[in-house]
Amino acid sequence: MSIKENLIIIMDTVIVNKLVVIGVGLIGGSFAASVKRAQVCEEIIGIEANESLQSAAQQLDYIDRVAASISDISHELCADDLVFIAVPTLSVPSVLKQCANCLPAEVTITDGASVKGSILTAAEKIYGEIPQQLVLGHPIAGSEQSGINAGRNNLFENHRVVLTPSEHTAELHLSKVTRLWEAIGAKISIMDVVAHDQVLAATSHLPHALAFSLVDTLAHDPDHEDIFTYAAGGFRDFTRIASSNPTMWHDIMCANKDAVVRSLDLFSENLKFLRNAIQANDGDTILDLFTRAKYARDDFLKLQTASQNTKEQIPSMSSNLINYVLSPGGTVNGTIRVPGDKSISHRSIMLGSLAEGITEVTGFLEGEDALATLQAFRDMGVNIEGPVDGKVTIHGVGLNGLQKPEKPLDMGNSGTAMRLMSGLLAGQNFDATLVGDVSLSKRPMGRIAKPLAEMGVTIETEEGGRPPLKILGSTQPQALDYEMPMASAQVKSCVLLAGLYAEGTTSVVEPAPTRDHTERMLRGFGYDVKTEGSKVTLQGGGKLTATNIDVPSDISSSAFFMVAAAITPNSDLTIKHVGMNPTRVGIINILREMGANIQLGNEAEVGGEPVADVRIQYSPLKGIHIPEDQVPLAIDEFPVLFVAAAAAEGTTVLTGAEELRVKESDRIQVMADGLNAIGADATPTPDGMVINGGTPLKGGDIQTHHDHRIAMSFAVASLIATEEIRIHDCATVATSFPGFADLAKLVGISLEVQS
Ligand code: S3P
């Protein structure tokens with residue numbers, strides 16, 4: 001390489017010439033150390049007034065030289081240089097005053113304080129108006145350590161840095177600060193100052209205030225002087241941040257007073273609510289609150305892991321390797337609540353988006369599939385808030401208010417989403433493409449393409465009627481009377497949704513009853529839908545009026561725990577608020593016929609759907625011939641029902657269930673292979689399975705074929721196995737049942753997640 005080429009490379013990587021760091025504590029020191037490591041600046045100068053700290057700063061290998069004050073070196077600085085203010089929040093204004101007195105207007109100034117509003121106000125006062133050179137920022141990274149020796153050259157890697165430029169901030173200064181942070185591995189977000197201070201008050205300042213206050217409360221409890229002798233992990237984890245620098249946090253609380261007080265008030269109110277529930281022995285309220293909080297925290301952890309992943313995108317299911325390792329045995333006990341119903345969650349987003357007005361959804365399933373549907377509607381211009389703790393607010397745009405998405409809509413792992421979306425996209429005046437993951441890309445879409453084509457809709461599929469699907473919006477669908485060749489709620493719903501846009505009456509006749517959530521929900525949105533026997537009819541051209549939807553817990557997710565308790569001696573489990581739609585209760589009917597002890601309590605109706613608490617106590621199961629009329633009512637539950645059959649005495653025969661071969665995997669083959677691999681006696685047939693139950697299960701390796709329900713079913717099988725079961729490729733569990741592993745452990749299944 002020639003000297004000239006070499007020089008060009010060096011010049012290319014240098015972002016600032018001189019970096020001046022005022023305050024070489026944790027943040028300033030780490031910033032200097034990171035910039036030094038990234039080799040993107042020529043010289044780093046530390047500013048430290050205190051003489052003993054000056055010599056300590058001099059020892060740091062990432063500081064090239066030290067000065068006592070910014071005014072000592074300001075004459076050396078020009079447009080290529082940058083000053084980073086890293087002093088405690090309340091000291092920033094006095095440093096800014098020094099900068100105003102001596103720094104040339106071309107030098108970029110930025111900071112790392114945790115509160116931005118008070119600094120902006122101070123800057124305005126000092127300079128007369130906010131100077132162009134000022135780019136306020138806040139790295140959301142830190143530790144309870146502080147001081148001159150705490151600096152780390154990777155503190156900001158994969159951490160978020162919020163920049164809050166004002167309208168006066170010049171682009172070149174913003175760009176320089178952005179590039180410098182990015183060079184040391186941080187991720188930039190741009191935010192408004194007020195929003196920043198409110199968000200940080202809630203997520204950072206409030207927890208610190210609580211941690212300090214809790215430790216102080218306990219430390220000065222007059223009744224328990226040696227209380228910390230008995231404090232363990234929970235106390236240590238909760239109060240870790242109370243070891244932070246008190247002066248720094250004093251500054252932050254004072255500087256962000258209004259927003260912190262607002263957050264404290266909200267929290268005090270919620271705490272009072274919990275206190276009252278505990279005092280009133282209101283177990284339901286306590287359990288609801290704790291369960292919601294647990295899921296919210298699990299999601300937060302997932303989000304954090306995803307954002308710390310160096311790849312740009314959240315890892316796709318196929319690349320995200322998660323295995324379950326299960327120790328044999330256990331008993332299943334307790335009271336739990338599982339996440340919201342997947343079918344209803346998808347439909348709530350779809351119909352809420354197409355309605356006129358605002359729809360509030362509670363209990364929404366925050367699993368990958370339902371979230372993909374939510375994202376698809378955002379991509380079509382619908383304003384959707386949340387989910388926060390299962391609450392989603394949808395600002396409906398009306399049946400004709402969707403906008404053309406700029407990219408293909410990703411339906412993830414969900415056949416329901418792809419098939420229902422095809423129906424409603426058939427009525428739009430734009431073209432759209434639907435794509436999915438590896439498993440969904442293999443599933444048959446001819447079953448919806450055919451009736452849609454009969455309605456005059458142009459829909460292009462890949463070979464064999466597989467996704468991606470392209471739905472052309474050039475023609476209005478024509479009304480259709482459709483006799484479904486298979487019992488499928490997805491196909492029925494697809495035709496009905498397209499029928500909303502057709503002129504005249506569309507009807508669907510089903511060969512056997514299938515889940516009727518679409519019909520119920522359409523009625524809930526004020527749309528007239530008639531059901532006469534096996535025929536469902538609606539007129540096109542009406543409108544949907546926004547409503548509120550309370551999503552019950554998913555009976556399909558509950559099924560894993562129902563079978564777990566039903567097959568395991570000494571088990572007694574209650575699952576709360578489970579959806580009991582008559583078109584979904586096949587699992588309960590079949591298990592009862594096999595001899596399971598299942599009782600329903602607290603039966604009620606929420607938003608047009610029946611719910612109940614389900615209590616399952618162990619009792620020995622026997623093999624049966626599963627009635628074919630139950631097949632569509634338990635269509636998603638067969639993987640785990642096969643496990644129940646393996647545990648039962650005698651032979652279980654399933655027929656009339658060929659639909660299982662075209663689910664997320666071929667559930668007949670994949671379950672038979674898995675069961676036989678761990679010592680069961682299962683024979684697959686074209687439309688079902690024959691299982692001779694009662695043979696002891698060993699352990700072994702299970703392949704899920706990207707199917708969430710296969711993974712969860714074999715986790716349940718471990719309860720009656722005698723050796724370890726290793727289930728490979730369980731990432732898709734997150735599509736329908738976030739938090740499954742934790743809940744399984746909670747009730748007594750010995751499950752370890754390996755990723
Ligand atoms: C569903 C219908 C069923 C079911 C799927 C959800 C729905 O599929 O297996 O998990 O929400 O409409 P089919 O309609 O293909 O039977």
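In listed order, ligands and their atoms are each counted from 1. Heads up: numbering here begins at 1 and tracks the sequence.
When hydrogens are left out, the protein atom nearest atom 6 (C) of ligand 1 is Thr416 OG1, 3.2 Å; that is the closest non-hydrogen contact.
At a heavy-atom cutoff of 4.0 Å, ligand 1 is contacted by the side chain of Arg515 but not by its backbone.
Below 3.5 Å of separation, one finds no N or O of Leu420 facing any N or O of ligand 1. Backbone and side-chain nitrogen or oxygen atoms of Glu659 are examined, and none is located within less than 3.5 angstrom of a nitrogen or oxygen of ligand 1. In terms of polar-atom proximity, Asp636 is counted as a contact of ligand 1, with an N or O under 3.5 Å from an N or O of the ligand.
Distances from atom 5 (C) of ligand 1 to the heavy atoms of Gln490, Met484, Glu637, Arg443 show the closest one on Gln490. With distances taken over non-hydrogen atoms, the option nearest atom 7 (C) of ligand 1 out of Met486, Arg419, His517, Arg347 is Arg347. Here atom 14 (O) of ligand 1 lies nearest to Ser488 when heavy atoms of Ser345, Ala417, Pro444, Ser488 are compared. Between Lys663, Glu510, His346, Arg584, it is Lys663 that holds the heavy atom closest to atom 15 (O) of ligand 1.
In this view, Ser718 and Leu326, Ile725, Ile749 satisfy the side chain to side chain contact (heavy atoms under 4.5 Å, CB included) rule, not counting sequence neighbours.
Judged purely by distance below 3.5 Å, without hydrogens or angles, the side chains of Arg466 and Ser441 never pair a donor atom with an acceptor atom.
Taking the charged nitrogens against the carboxylate oxygens, Arg615 and Asp613 have no contact shorter than 4.0 Å, which rules out a salt bridge. A salt bridge links Arg709 to Asp636: one of the charged nitrogens lies within less than 4.0 Å of a carboxylate oxygen. Comment: Asp437 does not engage Arg443 in a salt bridge, judged by the lack of any side-chain N to carboxylate O separation of less than 4.0 angstrom. Between Asp554 and Arg584 a salt bridge is recorded (basic side-chain N to carboxylate O distance below 4.0 Å).
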Show me the donor-acceptor pairs within less than 3.5 Å that the side chains of residues 531-547 make with the rest of the protein, sequence neighbours left out.
residue	atom	partner	partner atom	Å
Thr531	OG1	Arg523	NH2	2.7
Gln539	NE2	Thr505	OG1	2.8

